Visitor: 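Handing you a structure now.
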Amino acid sequence: MRTRVRGWRWRRNPLRRRSDVVEAWTVLVVAVLLFVVAPLVGVAAGLRAHDQAQTLAVAQRAERHHVRAMVVANTPRRLPTVQGDREHPYRARVRWTEPGRATRTALARVPAGSRAGDVVTVWFDARGRSVAPPPDDVAVWQHTVTVGVCAAGGAAGVVLLGHAVERRIALRYRLAEWEREWARTGPKWTQPRT
């Protein structure tokens, strides 16, 4: 039956090697880095991303305006995936009347499935170009959580990679240490006794 002794690397005993002590301290440092520092990195990155995304959303809300427009053409063109957003993936000709101005017609982003005669909400920037709607609070928080989780995961990955490298170096050192010990002890064991 095998008995497991907890904390043997920390106790003083004749079988404890220097590499055992280094490995015990390394495991402690890695645990602190994984369970304290990596989450803090994620929180810090998430808070910074939230501030930047919130600032961008406020700026976009200030410069963009939306109008209710009627789709006049039934031939939507799909936008390239880089420029388009999921809510408004098509462009179609729309017509609307701004208060105090004449009726306007333009090519704008419209939701999928829009047909001629449908009334849709379209967004324009200060220059009158059709743009995607500004990000709402849900999009800002999704961005925040994504950046925070990725930063914490990246920090944990770096810690675990560093620990794997340290373990490999420690194993190489431990094997060299055993080899030196065996070189001193081996001749005593292998000599024939008379």
Side-chain angles (χ1 to χ4, degrees), residues 1-64 78-89 109 111-112 123 125 131-189:
M1 179 182 265
R2 185 175 171 199
T3 304
R4 185 174 183 155
V5 179
R6 297 185 188 269
W8 68 272
R9 289 185 173 106
W10 298 100
R11 296 184 189 146
R12 293 197 177 273
N13 66 53
L15 298 177
R16 184 183 74 171
R17 297 177 304 271
R18 183 170 184 248
S19 60
D20 295 329
V21 175
V22 169
E23 185 177 358
W25 279 104
T26 303
V27 167
L28 182 66
V29 168
V30 166
V32 168
L33 289 174
L34 279 179
F35 296 115
V36 176
V37 175
L40 288 176
V41 167
V43 168
L47 289 175
R48 182 172 170 87
H50 183 268
D51 290 343
Q52 290 176 344
Q54 192 68 32
T55 302
L56 178 66
V58 168
Q60 286 183 355
R61 285 184 200 124
E63 79 171 15
R64 297 176 181 186
R78 185 147 180 89
L79 290 173
T81 56
V82 176
Q83 291 180 345
D85 63 297
R86 291 188 176 141
E87 294 176 14
H88 299 84
R109 297 170 187 241
W123 288 83
D125 63 5
V131 293
D136 58 355
D137 289 336
V138 172
V140 169
W141 278 106
Q142 285 175 340
H143 177 71
T144 300
V145 170
T146 301
V147 168
V149 168
C150 288
V158 167
V159 168
L160 291 174
L161 180 65
H163 182 60
V165 168
E166 183 277 330
R167 294 273 306 203
R168 183 164 211 141
I169 292 169
L171 178 64
R172 191 175 297 163
Y173 179 76
R174 186 177 301 125
L175 290 175
E177 192 176 26
W178 285 348
E179 191 67 35
R180 284 191 304 272
E181 288 292 323
W182 182 249
R184 272 191 308 191
T185 315
K188 294 177 186 175
W189 286 76

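The structure presented is a predicted model; accordingly, all values stated were derived computationally and were not measured.
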Visitor: Show the atom names and distances, to 0.1 Å, of all donor-acceptor pairs under 3.5 Å that link a side chain in residues 138-153 to residues at least two apart or in another chain.
Guide:
{"residue": "Thr144", "atom": "OG1", "partner": "Val140", "partner atom": "O", "Å": "2.9"}
{"residue": "Thr146", "atom": "OG1", "partner": "Gln142", "partner atom": "O", "Å": "2.7"}

Visitor: According to side chain to side chain contact (heavy atoms under 4.5 Å, CB included), who are the partners of Glu166, at least two apart in sequence or on a separate chain?
Guide: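 Counting only residues at least two positions away or on another chain, Glu166 forms a side chain to side chain contact (heavy atoms under 4.5 Å, CB included) with Val22, Thr26, His163, Ala170.
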
Visitor: Does a side-chain heavy-atom distance below 4.5 Å link Leu34 with Leu160?
Guide: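 When only atoms from C-beta onward are counted, Leu160 and Leu34 do touch, with a gap below 4.5 Å.
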
Visitor: Mind jotting down which residue pairs meet the salt bridge (charged side-chain N to carboxylate O under 4.0 Å, His left out) criterion with at least one end in residues 139-148? Sequence neighbours excluded, please.
Guide: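 Checked against salt bridge (charged side-chain N to carboxylate O under 4.0 Å, His left out) - neighbours excluded - no pair reaches residues 139-148.
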
Visitor: Would you compute the distance between atom CH2 of Trp182 and atom CG of Leu175 and round it to the nearest 0.5 angstrom?
Guide: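 Between Trp182 CH2 and Leu175 CG, I get 15.0 Å after rounding to 0.5 Å.
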
Visitor: Arg184: what forms a side-chain hydrogen bond (donor to acceptor under 3.5 Å, both in side chains) with it, not counting sequence neighbours?
Guide: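 Only Glu181 meet the side-chain hydrogen bond (donor to acceptor under 3.5 Å, both in side chains) criterion with Arg184.
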
Visitor: Does any pair with a residue in residues 143-161 pass salt bridge (charged side-chain N to carboxylate O under 4.0 Å, His left out), and if so which ones, sequence neighbours excluded?
Guide: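 Pairs touching residues 143-161 that pass the test: none.
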
Visitor: Got a list of side-chain donor-acceptor pairs under 3.5 Å for residues 45-62, not counting sequence neighbours?
Guide:
{"residue": "Thr55", "atom": "OG1", "partner": "Asp51", "partner atom": "O", "Å": "2.8"}
{"residue": "Arg61", "atom": "NH2", "partner": "Pro135", "partner atom": "O", "Å": "2.8"}

Visitor: More than 12 heavy atoms of other residues, nucleotides or ligands under 6.0 Å from CZ of Arg168: is that the case?
Guide: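 Atom CZ in Arg168 is not packed in, count stays at 12 or less.
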
Visitor: Between Asp125 and Val131, what is the shortest heavy-atom contact and its length?
Guide: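 Nearest heavy atoms, Asp125 then Val131: N-CG2, 3.9 Å.
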
